[in-house]
> 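Supplied in structure tokens, the structure appears directly below.
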Amino acid sequence: MLHDTLRFFPGGDRAVEVELGDGMDFTLNFTVHRLVAAVREAGIAAIEDIIPELASLQINYDPDRISYEDLTRAIAAIYEEMGSDVSGSLPSRLVTLPVCYFDEETTACIEDYRKTYPDKRFDPDLLCELNGLADRAALARRHSGTEYWVAALGFWPGLCSLLPLRPGSRITAPKYNPPRTWTPKGAVGIGGALCCVYPDRTPGGYQLIGRCPAPIYDGTQRLPAFRDSLALLRAGDRVRFRPVTAEECAWIDAEVAAGRYEHDVVEYQIFSVDRYLDWVKAHGEKA
Amino acid sequence: MTTPIRKLLVANRGEIAVRIIRAARKLGIATVQIVSEADREMLAARMADEVIEIGPPAAAKSYLNVGNVLDALRRSGADALHPGYGFLSENAQFAKAVTDMGRIFVGPDAGTIERMGDKVNARQAAIAAGVPVVPGSEGRLDDARAALELAEAIGYPVMIKAAAGGGGRGIRVVRSAEELAAAVPQAIAEATAAFGDGGLYLEAYIENARHIEVQILGDGETVVHLFERECSLQRRRQKVWEEAPAAALPAALRAELCASAVRLARSVAYRGAGTMEYLYDPDRNAFYFIEMNTRIQVEHPVTEMVTGVDLVCEMLLIAGGRKLSMAQEDIRCDGHAIEVRINAEDPARNFFPSPGPIDRLQVPSGEAIRFDTGFDAGSRVPPYYDSLVGKLIVSGSSRALAIERLRQALEELDIGPVATTIPLHRALARNADLLDGNVSTQWLERWLAENALSS
Amino acid sequence: MTIKTVEAMLPGVIYLSPSPDTPPFKAAGDRVAAGETVALVEVMKSFLPVEADSDGTFLGYSTETGSNIEPGEAVCRIEVAQ
Amino acid sequence: MNARCITVLKPGLETTVQELPGRIGYLEQGFPVSGPFDKWSFRQANLLAGNPRDTAALECQFLGPTLRFDCDATVAVTGADMRPKLDGEPAAMWRSLPVRAGQVLELAAAYSGARGYVAVSGGIDTPVVLGSRAVFHMARVGGQALARDQVLPLGPPPSGAGDILAVPEASRPPFSTDKTWQIEALAGPNDDWLDPASVEMFFSADWSVQAKSNRTGIRLSGPQFAFAGRALDKSSDHGQDPSNIIDHGYPLGAVNLAGQTPIILVNDAPSTGGFINPFTVASAAFWKLAQAKPGDVLRFRRIDREEAGRLRAALETVTSAGVAVRV
């Protein structure tokens, strides 16, 4: 749900939170990204960083170059000009990531947690039950049967929040409580209505369903996909998961280790929200 | 001389406890000594008629623990309490609790301690009594113009400091209007960055300040002074060497200084022994009141040596309700006395505290030599309290003779194996600046920075 | 015989046992060797050992587990045979 | 002629290379800004070493490193008092120290403050990663904490180096002597999620710094918060706890409320997350957070943006070149 106008919340003397609406859905997030693109386009020199998030964006600025009042006025004007009806298009790369569902490493991680918290239901079983899926194969089919929208990145370098684009592909789950102390690098998880890939071995709270052997974070920038950054994904990209066998997964691991792996990235695609929303309507569902 | 006090609780330790017990004995008063677990064997405990243990070594749990000290007072049946110096001696609530129990607190009443113990209040009282204070801004200054006008009135050099700061923070000295104009914006920025408050104070900078203090005695009506002491030799604001009278004070100014102290004490109907502390500015030839101590001071013996008055006895007599036994004209200052503080600190290791055993304690004796200590051979200096081992006090008919006597006495004084500051005093007693009386409150730190001492 | 005080090097929270459900590192009367851990200080999510600096007999702790400690504060006392 | 470098003999406790302004422009991919925690001490160290004030230098935490200089250089030590020694002799802080090749600088545990800075003429010349040499240790971005025997390359010495400079005491950051710090903070962005009485409570209570604090967050202990209607009656997208909110950006210096534990998000903090940030510390007050030790008490003083600007300007003045004076 979009607010009627932007709401500004100052975050100290160097940041402002710009809230567009209340809720977690694609159209709201798409509007966030359109506004971010328009603000970038405007080239306000005092802006240092912009963080697009699910329903809001944060702007870090140099208050000695622009006042809070002038900045928020400028952002409101840009939004006004852009119009709040959801239409238009954005450049969007399509990244295909291999995933080995219910692999050994994530299974070991879940078992490790269950040693301390034996009541914790095994993650894939919990997901099947909560989402009315017959078995693990059905869970893997539901998960890999859609493109995902990279709604935001944050919390940890390269950690992404993915929203499923295909109606009916939504999988929901509660988060671990308390969180895990570790998660395998590349683990694929579900929390709330979001999906994520863990960029590194970090603590975490999403329910785990598999592992992606293609790195989405490379601290040493060794692989060609990391020429410009240590993180693979950017907000506004789309991700598709391609199921692979344990054998193929091991082969990819070896290619990565040898520094040869090339990510499957289709650059320069344009994502048209009008065509997408038409498609959703044709599927008889609301986005 | 008689006093209604029959039994006195000594609420302190070390040399001042011994000193109080001696005075009490002279007046026929029984004594009760409180001790922490670490002080059971100390000299004062062995001298007192009774001993009450009040808690573990840490001062906060024993000598500073109001509940425990009051409990000891109740149990002891003492009708008076002498707080000495430090610990609870200037704690107004404690003094009130003692009198609320129907016992005598040897010192001024709680109201006076509270009023004169607060620097700001004491300064107000001094201004009201016509006692000069360091000239400066009455309130905050927030801009350069006000600072310039005031500095012109006071005369350079002046010192600017942050209103919100403390402990010498944010102080800078300027010597001309040009320097002031440059320094004020910088000082405002520093104070803003440091404290979130850019307000400044400005006051006269006293380049070669000497610390001079006046001893007074009052009985609530009459106040007399016992002349002044000079304590300019200080390290980290701790006095190291004290003299009476002050060597460099012109006679006319001395009379005015002592009179001002009497005036201030009289204005608050002071009762007991007290000390008015001043800075003397030789360049402006002026003195300024800084604060008052409402208790006996460590360096009181130098005053006793030159006046012949037993200050601790007088305190007990006044506390017992007697009027002053002497008039101002009865008090004379004869000769010169010097006290040096012997601390268990190693001057060769940057005055590192060195508590430990005292196996050797040889004290010089003779006419005009006094050694006040809370230890004897076989004791230990515990690590929990201040490091004062003893005070060597000498006098002579002139300052030069007193210094000569001090030098000899320091040669004879032998304390060990604990490290002490005796080597520092031996070096100081031979120093030309000191012999000439050419020192200031900054002198010792500067001298220490330039001269390595070996123990 | 001299009594030595072991002091904390770092500010933080002091722990007198290796983990919450184990007994303290040392009890009165225990032998202590120089370099042995007698407590832990937690700072910045790291646990750093407080080590005895001489051999001797452990006399007791001077602080409580879980309390805040400053550099230079006493952690425990050790009687050192000379 | 030796290469211009430093060898790490002892690493200290998470000693890192830091640089200003930090890693700018990568927050949207989840990279924190990093950079020195106490900018005041950091810049003064650089000025004393003859460097531009934002040059890469070392940040030491609680326990400093031991470093051997493999070339002649000018060094400066500022910040927490880690009692530096040069070849075993006490060395002065807050002034330029000329060192010769082979000399060893040793820093001990911090007696006052928590973070010390060591700047070297020419600066530390580690590789630039995503625009900065600042290290985010936890994710190994820009390198990680110093390790024993690591060799740190130095940049070319600045021209005109070699003056012996000092920062007068009045211009140095004043560390608390009574274990309490006044921290200037602004309300927002999410103060409307708290009960108004809890907003007032935040600015009047004593908050104690937990030992679990580090460069990602300063964890506080103190009284409990009560929430406003907005936090208690919200759509399920926000999460179950009253302090949950739909994932949003985290401002630097935000007082992040996860359950009832406030965590001030500092230089290496997460860029986004799902908890509210009712208050934000003024950027010019960060240095105090850097120097607060476990058990110290923080008291927050409410200020507005205008006053935050005055504080920034003041900090700018005391970290500008003129502050270091010739000895």
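Atom set for the values below is all heavy atoms of this structure, side chains included, hydrogens, waters and symmetry mates excluded. Chain identifiers are assigned alphabetically (A, B, ...) following the order of the sequence lines, protein sequences preceding nucleic acid strands; residue numbering begins at 1 within each chain.
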> Check each atom of C:Ile69 against the heavy atoms of chain D and say whether the ones under 4.5 Å are side chain, backbone, both or neither.
neither

> How far apart are the closest heavy atoms of D:Ala211 and C:Val13, and which atoms are they?
CB-CG2, 3.4 Å

> For D:Arg83, does the CZ atom sit with more than 12 other heavy atoms under 6.0 Å from it, leaving out its own atoms?
yes

> Kindly indicate whether the side chain of D:Arg215, heavy atoms from C-beta on, has any atom under 4.5 Å from the side chain of C:Met44.
no

> Specify the closest pair of heavy atoms between C:Leu10 and D:Ala109, including all atoms of both residues, with the distance to one decimal.
CD2-CB, 3.8 Å

> With a 4.5 angstrom heavy-atom cut-off, could you sort out which part of D:Lys212 is near chain C: side chain, backbone, both or neither?
both

> So which heavy atom on D:Pro294 is nearest to which on C:Pro11, and how close?
CG-O, 4.1 Å

> If I measure from the heavy atoms of chain C, does D:Gln210 come under 4.5 Å with its side chain, its backbone, both, or neither?
neither

> Nearest 0.5 angstrom please: C:Asn68 CG to D:Asp296 CG, how far?
8.5 Å

> Enter the distance from C:Met9:CE to D:Phe62:CZ here, rounded to the nearest 0.5 Å.
13.0 Å

> Indicate the atoms forming the closest heavy-atom contact of C:Ser46 with D:Leu13, along with that distance.
OG-CD1, 3.9 Å

